[in-house]
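Sequence lines set the chain letters: A, B, ... in the order given, protein chains first and strands last, and positions in each chain run from 1.
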There are 2 protein chains.
Amino acid sequence: MAKVDPSLVAHLPLFAGFKGEELDEILREARSARYPKNGHVFEQGGDAHSFFLLLHGHIRAAKTTPTGEQIVVRYVAPGETFGLAMAIGLAQYPATATAVDDSVVLAWPTGTWPRLVQKFPALATNTLQTVGARLQETHTRVLEMSTQQVEQRVAHALLRLAKQSGKKLDHGVEIDFPISRQDIAQMTGTTLHTVSRILSGWEQLGLIEGGRQRIILREPHKIFVLAEQNAGGGQA
Amino acid sequence: MAKVDPSLVAHLPLFAGFKGEELDEILREARSARYPKNGHVFEQGGDAHSFFLLLHGHIRAAKTTPTGEQIVVRYVAPGETFGLAMAIGLAQYPATATAVDDSVVLAWPTGTWPRLVQKFPALATNTLQTVGARLQETHTRVLEMSTQQVEQRVAHALLRLAKQSGKKLDHGVEIDFPISRQDIAQMTGTTLHTVSRILSGWEQLGLIEGGRQRIILREPHKIFVLAEQNAGGGQA
DNA sequence: GGCTCGTTTTGCGCTATCGCAAACTGCCGG
DNA sequence: CCGGCAGTTTGCGATAGCGCAAAACGAGCC
């Protein structure tokens, strides 16, 4: 219904190199949709009927094991695409997408992708860059999980969240959407309990301030130091 | 020099949907190169001068931390592309590629990519699929590292290696290139020692047979069971 | 204003896995 | 044929982090 102002999205990586009228044509194919907090945009295993661009809000993409355990694949911030399953050759979504805040998305039916890509090859190369960047990030995540202790991984995770979705405060940065200790545990490969212990410790030290699904980094720099330093003693 | 027979590579995912003469044109841009066992194809941080297609042999892609720890990102089997750094927008290689066996590659100078993609947009979409598949695999890896014990992760790793590069034997499957316990540790996020203990245990049970940089899966099915089963007791 | 439920905190024992050290082994080079 | 060395095995503490249990807390609802 309500059309999206092209100028609002023209600068996004997905549309890099597009003229106004091309952009128009692409946007015409999308419909916009609103999801309330905790609403499901799509579910793991469901048919990949659409791909999305987040306009407002925040989306959590999570993957579930057969035994019911979950990990958070990533948090989607406004301006990012998600649900690209079909673009990478999948017929079903490999993860579940849930709005963690009231969110507004642009959705293109899967069927439009081949046509759009054919007409606008730059869409494919732009998407390739995006997916490639995510691959790099995921490799970094594997590297961290392999070589760092939980405390450092949590520190890195918070810094990334702050960078991606941080709201600057007078003193510190607040993560701009509701996120629980459990969520952080699922991002870093640990347990709710361990995250809680770590954050409590940091709060004692005045590094952060926490609340119910809220985290404020009061001393980002000190957390950065924590994240980088080798646990205990390094190799001489 | 020696031209590559197009029919040998025509069926690869990278070239899906290409006619013979298009293929020819693409192949003409590549040069082939040979790397001896343990030769470096490129190094992490080095300028991304080329992208590659592996024709023969096996390549190990590994990422190193500032402190010198490594993880194996993946093993490249013949027919797969690697070193796609520039296609995904990187100017430097994010990992080091080493031949684990005498290997032959096809190499395209980075500069050819934009031109090739412009002329053959399907290259971009094919590559997108490939990179997307790798992203999925990496997410699976994160999931495993987050939710499974070391023994199961090792089992999964061996099964994947066997599937990708296994040589069928009378009784069992042999991994077709030299791979050390250390390598497996770096694939699963554990230590050389733990891998050695696990494999020794399995060898006792007759599940595998090992040697210096060699692994034979004698009972793939039993290993599969090991890989899938929840450690200890699952939830009732 | 009081209640309820989801989130967070915290205590405590347990153990999978690490980390170090040392012995062993099969290949490769000379 | 004889070292020497990289890769492997194994033993033995040390411990980070898990898992369970329970209490404290706080936001929203009635």
Side-chain angles (χ1 to χ4, degrees), chain A residues 36-38 67-71 98 100-101 144-155 175 177-186 188-205 208-216 226 229-236, chain B residues 36-38 60 67-70 72 98 100 144-155 175 177-186 188-205 208-216 226 229-236:
Chain A
K37 182 169 174 169
N38 295 324
T67 63
E69 280 157 306
Q70 281 200 338
I71 62 160
T98 310
V100 296
D101 250 352
E144 284 181 6
M145 289 185 57
S146 298
T147 62
Q148 302 183 334
Q149 317 224 190
V150 172
E151 187 168 11
Q152 280 143 44
R153 303 207 300 266
V154 171
I175 292 169
F177 55 85
I179 185 166
S180 70
R181 320 285 143 158
Q182 173 80 70
D183 292 322
I184 291 174
Q186 291 175 345
T188 51
T190 181
T191 62
L192 158 67
H193 309 274
T194 299
V195 171
S196 179
R197 277 181 249 272
I198 290 172
L199 295 194
S200 293
W202 289 351
E203 190 150 14
Q204 298 283 320
L205 299 174
I208 67 167
E209 212 165 297
R212 203 189 183 63
Q213 305 200 109
R214 262 180 69 249
I215 301 176
I216 299 173
L226 264 181
Q229 86 194 174
N230 240 321
Q235 64 238 47
Chain B
K37 181 168 174 171
N38 295 325
R60 186 184 68 162
T67 64
E69 281 157 305
Q70 282 201 337
V72 171
T98 311
V100 295
E144 284 180 7
M145 289 184 56
S146 297
T147 62
Q148 302 183 335
Q149 318 225 165
V150 172
E151 186 168 11
Q152 281 143 44
R153 302 207 300 265
V154 171
I175 292 169
F177 56 85
I179 184 167
S180 70
R181 320 285 142 155
Q182 174 79 70
D183 292 322
I184 292 174
Q186 291 174 345
T188 51
T190 180
T191 63
L192 158 68
H193 309 275
T194 300
V195 170
S196 179
R197 278 181 250 271
I198 289 172
L199 294 193
S200 293
W202 289 351
E203 189 151 14
Q204 297 284 320
L205 299 174
I208 68 168
E209 211 165 298
R212 202 189 184 65
Q213 306 201 108
R214 264 181 68 250
I215 301 175
I216 300 173
L226 265 181
Q229 87 194 176
N230 239 322
Q235 64 234 46

So B:Gln213, base contact, sugar-phosphate only, or nothing? Heavy-atom distance under 4.0 Å. sugar-phosphate

Any donor-acceptor pair under 3.5 Å between the side chain of A:Arg181 and the base of C:dG6? no

Side chains of A:Val100 and A:Ile179: closer than 4.5 Å at any heavy-atom pair? no

Could you tell me the separation between the CD atom of B:Glu151 and the P atom of C:dT17, rounded to a whole number of Å? 8 Å

Any B:Leu199 side-chain heavy atom under 4.5 Å of B:Ile215 side chain: yes

Assuming nearest nucleotide by heavy-atom distance, tell me which of A:Gly189 and B:Arg212 is located more 5' along DNA chain D. B:Arg212

Nucleotide C:dT17, atom P - distance to CD of A:Gln149 in whole Å: 16 Å

State which of C:dA21, C:dG26, C:dG11 makes the closest approach to the side chain of B:His193. C:dA21

Just by distance, do the side chain of A:Ser200 and the backbone of A:Ser196 share a donor-acceptor pair under 3.5 Å? yes

Write down the atom of B:Glu203, the atom of B:Glu209, and the distance for their closest heavy-atom approach. OE2-CA, 3.7 Å

CG of B:Leu199 versus P of C:dT17: gap in Å, rounded? 14 Å

Angle by which the axis turns from one end of the helix from C:dG1-D:dC30 to C:dG30-D:dC1 to the other, five pairs per end, to 10 degrees: 40°

What nucleic acid atoms does A:Gly210 come within less than 4.0 Å of, heavy atoms only: base, sugar-phosphate, or nothing? nothing

Whole angstroms only, please: what is the CD1-P distance between A:Ile179 and C:dT8? 10 Å

Could you give the CG-to-C1' distance, from B:Asn38 to C:dC28, as a whole number of Å? 13 Å

If you round to the nearest 0.5 Å, how far is CD of A:Gln229 from OG1 of B:Thr67? 13.0 Å

Start and end of the DNA chain D segment that chain B contacts, any atom under 4.0 Å from a heavy atom: D:dA6 to D:dC12

Would A:Ser146 and B:Met145 count as a side-chain contact (heavy atoms from CB on, under 4.5 Å) if you check the C-alpha gap in whole Å, the side-chain angles of each, and the deciding distance to 0.1 Å? CA-CA 8 Å; A:Ser146 298; B:Met145 289 184 56; 3.4 Å; yes

Student check: side-chain heavy atoms of B:Gln152 and B:Glu144 closer than 4.5 Å: no

Specify the separation, in whole Å, of atom CD of A:Glu209 and atom C1' of C:dT8. 16 Å

Side chain A:Arg197 and base C:dG11 donor-acceptor under 3.5 Å: yes

Answer yes or no: is there a donor N or O on one side and an acceptor on the other, between the side chain of A:Arg214 and the main chain of A:Pro178, under 3.5 Å? no

Cut-off 3.5 Å, side chains only: do A:Gln182 and A:Ser180 have a donor facing an acceptor? no

Nearest whole Å is fine: how far is C:dT8 P from A:Leu192 CG? 7 Å

So, does A:Ser200 get its side chain near the phosphate of C:dT8, meaning an N or O under 4.0 Å from OP1 or OP2? no

Assign B:Ser196 to base, sugar-phosphate, or nothing according to its heavy-atom contacts below 4.0 angstrom with the strands shown. base

Without decimals, in angstroms, what is the distance between A:Arg214 CZ and C:dT9 P? 12 Å

Does any donor atom in the side chain of A:Glu151 or A:Trp202 lie under 3.5 Å from an acceptor atom in the other side chain? yes

